[in-house]
Chemist: 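I have a structure here, written as structure tokens, and I will follow up with some questions on it.
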Amino acid sequence: MSTFRSIVFSSVIAGFIVGLIVTAVQQFGTVPLILKAEVYEKAAEVYEKAAEHKHEAAAQPQAILVHDHADHDHGAEAWEPRDGLERNLYTAGANILTGIGFALLLCGFFSIRSGATGEPISWHEGLMWGLAGFAVFTIAPGLGLPPELPGVPAAPLMSRQIWWVTAVLATSAGLGLIVFRRSMPAAIAGVVLIMLPHLIGAPELEHVETNVPSSLSHQFVVAVTLTSLVFWSLLGSLTSAAFAYFDRPASA
């Protein structure tokens with residue numbers, strides 16, 4: 001029971017701190033790029049709507065003179081948080097919940113590791129686990145499905161999710177074989193597993209049309225990758241330090 005309490009307390013504290021820090025980092029990295037991309041996205045939507053109305057007017061020159069709004073279904077716009085404080089609060093909440101979730105996963109590994117060796121987890125070892133999480137959840141899937149800005153078309157969501165999960169599972173299994181088995185056959189099998197999703201190929205569109213500048217997309221990929229590196233480095237270090245602190249009575 002004490003170990004379970006250590007896992008929960010460590011995860012909540014580390015996830016809360018890392019979530020707040022990453023939210024602050026995003027204000028200077030990814031958020032400005034997203035806001036710029038949304039300007040292009042909204043401009044493209046306005047242009048498409050104007051083109052549709054122009055096409056309809058040309059196809060029906062004998063249109064009714066009196067415009068009845070009831071005859072047109074403009075559709076309700078999807079809800080989104082307002083820019084500013086509301087949007088930042090939702091972002092911070094999402095980052096904190098994500099941090100707590102991944103911290104719980106890390107604490108589970110730390111508990112198994114400390115139970116097997118009888119030694120506490122150091123923050124150095126936690127940092128290495130965090131970097132492993134960065135490789136599994138950011139680098140590996142990002143090679144096939146890089147982060148995308150609003151307004152950039154992408155392949156169907158379901159196919160992208162399936163490939164993303166496959167890449168994460170294959171990479172984690174491959175790294176596990178390489179690090180924990182420490183034999184040549186296991187290392188070869190691990191490398192094959194890591195490469196397999198990329199040999200299959202991530203789902204992508206044959207032709208992409210967007211008015212979002214490619215330079216903006218490249219900056220976004222770099223910003224997301226660096227932010228994720230900060231997230232995983234801090235999460236691994238803080239979670240291991242917190243778990244070692246709260247798990248001391250259980251170890252004793």
Side-chain angles (χ1 to χ4, degrees), residues 4-35 37-38 78-112 121 123 125-150 154 157-158 160-172 175 202 220-243 246:
F4 177 77
R5 184 170 58 250
S6 301
I7 292 175
V8 174
F9 286 172
S10 303
S11 301
V12 171
I13 293 174
F16 184 81
I17 295 174
V18 173
L20 291 181
I21 293 175
V22 169
T23 301
V25 171
Q26 288 175 335
Q27 302 307 309
F28 302 96
T30 58
V31 171
L33 299 176
I34 292 175
L35 295 177
E38 287 179 347
W79 178 89
E80 61 180 16
R82 292 188 297 270
D83 292 339
L85 180 60
E86 182 178 352
R87 187 168 187 168
N88 292 335
L89 288 177
Y90 275 97
T91 300
N95 289 335
I96 290 172
L97 290 177
T98 302
I100 293 174
F102 281 120
L104 286 170
L105 184 64
L106 288 174
C107 280
F109 290 120
F110 296 159
S111 176
I112 296 174
I121 299 293
W123 73 267
E125 189 173 356
L127 175 61
M128 297 305 297
W129 277 93
L131 293 177
F134 173 69
V136 169
F137 292 100
T138 301
I139 296 298
L143 293 175
L145 293 174
E148 294 172 344
L149 283 167
L157 179 61
M158 181 61 69
R160 285 185 287 134
Q161 289 178 332
I162 292 174
W163 188 90
W164 189 92
V165 172
T166 302
V168 167
L169 294 177
T171 304
S172 58
L175 288 177
F220 184 68
V221 171
V222 173
V224 170
T225 303
L226 292 178
T227 303
S228 180
L229 177 60
V230 172
F231 173 84
W232 281 105
S233 299
L234 289 176
L235 191 68
S237 303
L238 291 179
T239 303
S240 59
F243 181 79
F246 286 109

Chemist: I'd like to check the side chain to side chain donor-acceptor pair (under 3.5 Å) partners of Glu38; sequence neighbours left out, ordered by chain and number.
Modeler: Arg87

Chemist: Can you measure from CD1 (Ile7) to OG1 (Thr239) and round to the nearest 0.5 angstrom?
Modeler: 11.5 Å

Chemist: To the nearest 0.5 Å, what is the distance between CD1 on Ile21 and OG1 on Thr227?
Modeler: 12.5 Å

Chemist: Looking at Thr30 and Val224, would you say the former's side chain and the latter's main chain have a donor-acceptor pair under 3.5 Å?
Modeler: no

Chemist: What's the shortest heavy-atom distance between Val136 and Pro141, and which atoms?
Modeler: O-CD, 3.1 Å

Chemist: Glu125: what forms a salt bridge (Lys or Arg N to Asp or Glu O under 4.0 Å) with it, not counting sequence neighbours?
Modeler: Arg113

Chemist: Give every residue pair that meets the side-chain hydrogen bond (donor to acceptor under 3.5 Å, both in side chains) criterion with at least one member in residues 92-104, sequence neighbours excluded.
Modeler: Thr23-Asn95, Gln26-Asn95

Chemist: How would you list, by chain and number, every residue that makes a side chain to side chain contact (heavy atoms under 4.5 Å, CB included) with Leu127, sequence neighbours excluded?
Modeler: Trp123, Leu131, Ser233, Ser237

Chemist: Could you work out, with side chain to side chain contact (heavy atoms under 4.5 Å, CB included) as the rule, every residue matching Leu97, not counting sequence neighbours?
Modeler: none

Chemist: What pair of heavy atoms forms the shortest contact from Ile162 to Thr166, and how long is it?
Modeler: O-OG1, 2.8 Å

Chemist: Before giving the answer on side chain to side chain contact (heavy atoms under 4.5 Å, CB included), spell out for Ser240 and Leu106 the whole-Å C-alpha distance, their side-chain angles and the decisive distance to 0.1 Å.
Modeler: CA-CA 8 Å; Ser240 59; Leu106 288 174; over 6 Å; no

Chemist: If you apply the rule side chain to side chain contact (heavy atoms under 4.5 Å, CB included), what do you find for Ser111 with Phe243, and how did you get there?
Modeler: CA-CA 8 Å; Ser111 176; Phe243 181 79; 3.9 Å; yes

Chemist: Distance from Ile34 atom CD1 to Thr91 atom OG1, nearest 0.5 Å?
Modeler: 8.0 Å

Chemist: With sequence neighbours left out, what residues match Ser228 under side chain to side chain donor-acceptor pair (under 3.5 Å)?
Modeler: Thr138

Chemist: Taking all non-hydrogen atoms of both residues, which atom of Ala132 and which atom of Leu175 are closest, and how far apart?
Modeler: O-CD1, 4.5 Å

Chemist: What residue pairs, at least two apart or across chains, pass ring pair (Phe, Tyr, Trp, His ring centres under 6.0 Å) with a residue in residues 5-32?
Modeler: Phe9-Phe246

Chemist: Taking atom CD1 of Ile121 and atom CE of Met128, what is their separation to the nearest 0.5 Å?
Modeler: 13.0 Å

Chemist: Mind checking what makes side chain to side chain contact (heavy atoms under 4.5 Å, CB included) contact with Phe137, not counting sequence neighbours?
Modeler: Phe102, Leu105, Trp164, Val168, Trp232

Chemist: Ignoring hydrogens, what is the shortest heavy-atom contact between Val221 and Pro147? Give both atom names and the distance.
Modeler: CG2-O, 3.7 Å

Chemist: If the condition is side chain to side chain contact (heavy atoms under 4.5 Å, CB included), which residues does Ala170 pass it with, not counting sequence neighbours?
Modeler: Pro197

